[in-house]
Amino acid sequence: MYTGIGASAGIGIGSVVIVKEPSLEYSNKPVSDTAAEVGRFQAALNDCIERTTAMAEDMKTRVGEKEAEILEGHVLLLMDPELTGQIESKITDEKSCAEGAVEATCDFFAAMFSSLDDELFQQRATDVCDIKTRLIKILLGVEDVDLASVPQGTVLVAEDLTPSMTAGINPANVAGILTEIGGKTSHSAILARALEIPAVLSIEGIVSSLENGQKVILDGETGKVFVDPDQDTLKEYEEKRAAFLEAKAALKKFVGKPTVTADGIKVELCANIGKPEDAAKVIECDGEGIGLFRTEFLFMDRPQVPTEDEQFEAYKKVAQQLEGKPVIIRTLDIGGDKEIPYLGLGKEENPFMGFRAVRLCLKRQDLYIPQLRALLRASAYGEIKIMVPMICCVSEFRQVKELLAGIMAEFDEKGIAYNKDIQVGIMVETPASSMMADVFAKEVDFFSIGTNDLTGYTMAADRGNPDVAYLYSTYDPAVLRSIRRVISAANEAGIMVGMCGEAAADPLLTPLLISFGLEEFSVSATSILKTRKEISSWTKAEADEVARNAMAMATEEEIHAYLKSVAR
Ligand code: PEP
Ligand code: MG
């Protein structure tokens with residue numbers, strides 16, 4: 001048995017087809033006619049742009065807009081004068097052949113992106129490598145591997161599945177995907193999930209260990225892969241596959257339905273996103289709005305700060321796509337575990353307790369003001385609400401409101417459109433803001449409980465430290481009491497209270513959150529239907545009974561075990 005990263009849920013059973021890239025060897029002799037060589041490169045470049053655009057179009061109609069944007073990103077990279085200019089100079093100045101110039105330049109950019117310790121930059125490095133291979137293939141006249149015509153029941157096995165390879169996949173014929181590299185957020189994982197093909201990634205040496213035609217089973221949840229399985233394993237996994245498909249079909253009946261408890265209490269079910277492109281998936285998964293847009297990703301996926309206009313376009317795009325549904329946009333939350341290398345913020349002894357989020361933004365107004373301006377401008381195009389992270393004291397929130405008031409006064413004077421009634425709320429994710437929830441409730445328009453941080457700060461336990469991992473639990477009575485008091489304070493003051501931490505999607509906590517009076521659940525797009533189903537399975541009276549029992553218990557262990565025992 002092999003184990004990798006389960007990156008796309010489901011059970012795949014089928015026969016191996018190994019996808020090997022053809023050899024791309026060329027002789028790197030200096031060229032004499034550099035002008036002709038630049039011409040050869042430009043012809044290949046145009047061809048590549050044309051083919052990639054066509055693939056993006058195809059992807060858009062067959063898979064989805066968000067997935068097509070990966071390939072559209074490639075087109076933008078291919079048109080980037082920084083990249084093409086360097087390739088052409090290599091040919092002209094160093095007399096390099098076109099293939100050599102493409103390889104050296106792309107490798108340079110890929111190495112630069114890889115050296116940055118951030119998953120998004122790592123992904124950008126993969127994109128540059130994908131483009132490099134495609135350009136060299138066109139220059140050498142080598143055609144792409146055709147994945148469109150593999151037989152039914154195929155399990156594709158490759159070192160990596162690049163977006164250009166995946167573009168041709170027919171999901172009806174592909175039972176699973178196994179690769180040697182890639183993680184949960186790599187493009188191959190995103191595409192596998194969008195195509196609903198089970199996938200296990202990052203299995204060392206899998207390409208050389210398997211042979212074409214071998215029978216395999218893969219579990220896209222646990223990451224387990226069985227080669228030449230025995231009859232018992234095959235039977236077990238056939239049953240698991242049937243159960244998975246049945247559960248998936250059962251969820252479909254929640255599409256287009258309101259999110260209500262079994263006795264008809266309506267709550268709002270929104271989604272968390274990191275990039276504007278993710279909004280399409282929220283709509284596809286029937287989200288009722290966006291409960292958390294983590295804007296720091298706009299700052300991470302690039303080598304410099306996005307301008308006010310770039311941010312405005314990104315926020316406006318999401319607001320328009322959501323067509324009047326609420327879009328809660330959180331202002332920049334960097335620091336802690338979220339680094340932005342080009343800001344050069346320096347290392348801190350204790351980053352989670354340090355200079356992060358609103359603390360940093362209030363000091364670095366050169367970063368904050370353009371973001372607030374962009375948010376206000378975009379508020380003219382949809383139901384945008386502004387959310388401030390890591391708030392500890394009321395004065396921090398008042399300072400943000402003052403900055404907003406200053407911008408609004410300027411906009412009024414200049415006649416710049418914005419929503420004058422825009423709601424401004426806070427993330428409750430520190431014990432300080434939880435303790436002061438009743439006071440905050442009089443100052444802010446809404447709360448969203450950030451249980452990821454609230455759990456860590458309440459328990460004084462770093463999630464990344466295995467020695468204290470036993471303390472990092474939202475089931476701990478201390479954390480649950482904190483959540484309950486925040487919800488009560490909001491309910492009493494009549495302001496909206498939501499939750500955007502991971503706990504909102506935890507089925508064990510659903511009855512407690514219903515009983516406490518949570519009004520909005522914000523979960524990952526893929527958890528929307530599961531959460532709607534979970535909420536629909538409890539009446540308020542049943543949820544109250546569970547909450548009464550759980551909240552009378554003294555330890556995390558007791559509460560956790562009890563919630564498991566009553567889970568639906
Ligand atoms: C949280 O802390 O619960 C939260 C949603 O924010 P993040 O995970 O981005 O810190
Ligand atoms: Mg947080």
Side-chain angles (χ1 to χ4, degrees), residues 118-120 184-185 268-275 278 282 287 289-301 326-340 348 350-361 371 385-392 396-397 400 425-434 437 440 446-464 471-476 478-480 482-483 486-487 490 496-506 509 512-513 516 518 520-528 531:
D118 182 283
E119 205 170 338
L120 289 163
K184 269 195 198 312
T185 56
E268 211 167 332
L269 183 53
C270 297
N272 297 346
I273 65 168
K275 284 186 284 173
D278 300 341
V282 177
I290 286 172
L292 168 65
F293 178 174
R294 292 180 161 100
T295 58
E296 47 280 3
F297 288 103
L298 288 179
F299 289 66
M300 285 174 178
D301 191 15
V327 177
I328 300 182
I329 306 186
R330 177 173 78 182
T331 63
L332 195 54
D333 181 7
I334 43 171
D337 59 344
K338 299 173 192 134
E339 262 191 74
I340 299 197
E348 291 179 284
N350 213 337
F352 278 97
M353 301 273 182
F355 192 43
R356 62 175 288 205
V358 70
R359 306 165 178 194
L360 183 134
C361 287
Q371 177 167 49
K385 303 182 192 188
I386 296 175
M387 176 155 77
V388 191
M390 272 299 288
I391 286 279
C392 279
E396 286 170 327
F397 182 71
V400 176
I426 61 168
M427 284 202 64
V428 180
E429 54 184 341
T430 63
S433 57
S434 164
F440 272 110
F446 65 89
F447 287 156
S448 185
I449 307 174
T451 49
N452 306 342
D453 275 318
L454 187 62
T455 303
Y457 289 129
T458 302
M459 301 306 296
D462 183 344
R463 187 194 327 212
L471 288 168
Y472 185 95
S473 169
T474 309
Y475 309 120
D476 193 281
V479 183
L480 294 176
S482 182
I483 293 171
V486 174
I487 298 175
M496 198 281 282
V497 56
M499 178 177 287
C500 57
E502 291 300 309
D506 182 346
L509 291 172
L512 296 189
L513 300 178
F516 294 166
L518 190 74
E520 179 235 41
F521 292 66
S522 193
V523 302
S524 65
T526 46
S527 301
I528 290 173
T531 308

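Whatever order the structure lists ligands and atoms in, that order sets their numbers, starting from 1. Predicted model, so just to flag it, every value in this text is computed and none were measured.
Distance alone, capped at 3.5 Å, places no donor-acceptor pair between the S433 side chain and the C392 backbone. A distance-only check finds no donor-acceptor pair linking the side chain of E520 to the backbone of E268 [under 3.5 Å]. At least one donor-acceptor pair under 3.5 Å links the side chain of N272 to the backbone N or O of C500.
The two residues E429 and Y457 have their closest heavy-atom pair at O-CD1, 3.2 Å.
Under a 4.0 Å criterion applied to the non-hydrogen atoms of R294, ligand 1 contributes the atoms 4 (C), 5 (C), 6 (O), 7 (P), 8 (O), 9 (O). Residue C500 has at least one heavy-atom neighbour below 4.0 Å for each of these atoms of ligand 1: 5 (C).
Side chains of D278 and I290 form no contact here, defined as non-hydrogen atoms less than 4.5 Å apart. R330 has its side chain within reach of R294: a pair of non-hydrogen atoms, C-beta onward, lies under 4.5 Å apart.
Among the heteroatoms counted here (N, O or S) of E429, OE1 is the one nearest to the Mg ion (ligand 2). Among the heteroatoms counted here (N, O or S) of D453, OD2 is the one nearest to the Mg ion (ligand 2).
For the pair T451 and ligand 1, the shortest N or O to N or O distance falls below 3.5 Å.
T458 and S482 are not linked by any side-chain donor-acceptor pair at a separation below 3.5 angstrom, with hydrogens and angles left out of the test.
Nearest to atom 1 (C) of ligand 1 by heavy-atom distance, out of L454, I449, N452, is N452.
Contacts between R330 and ligand 1, counted as non-hydrogen atom pairs separated by less than 4.0 Å, involve the side chain only. If you look at L292 next to ligand 1, the close heavy atoms, those under 4.0 Å, all belong to the side chain.
Contact analysis leaves E502 out of contact with ligand 1, as no non-hydrogen atom separation drops below 4.0 angstrom.
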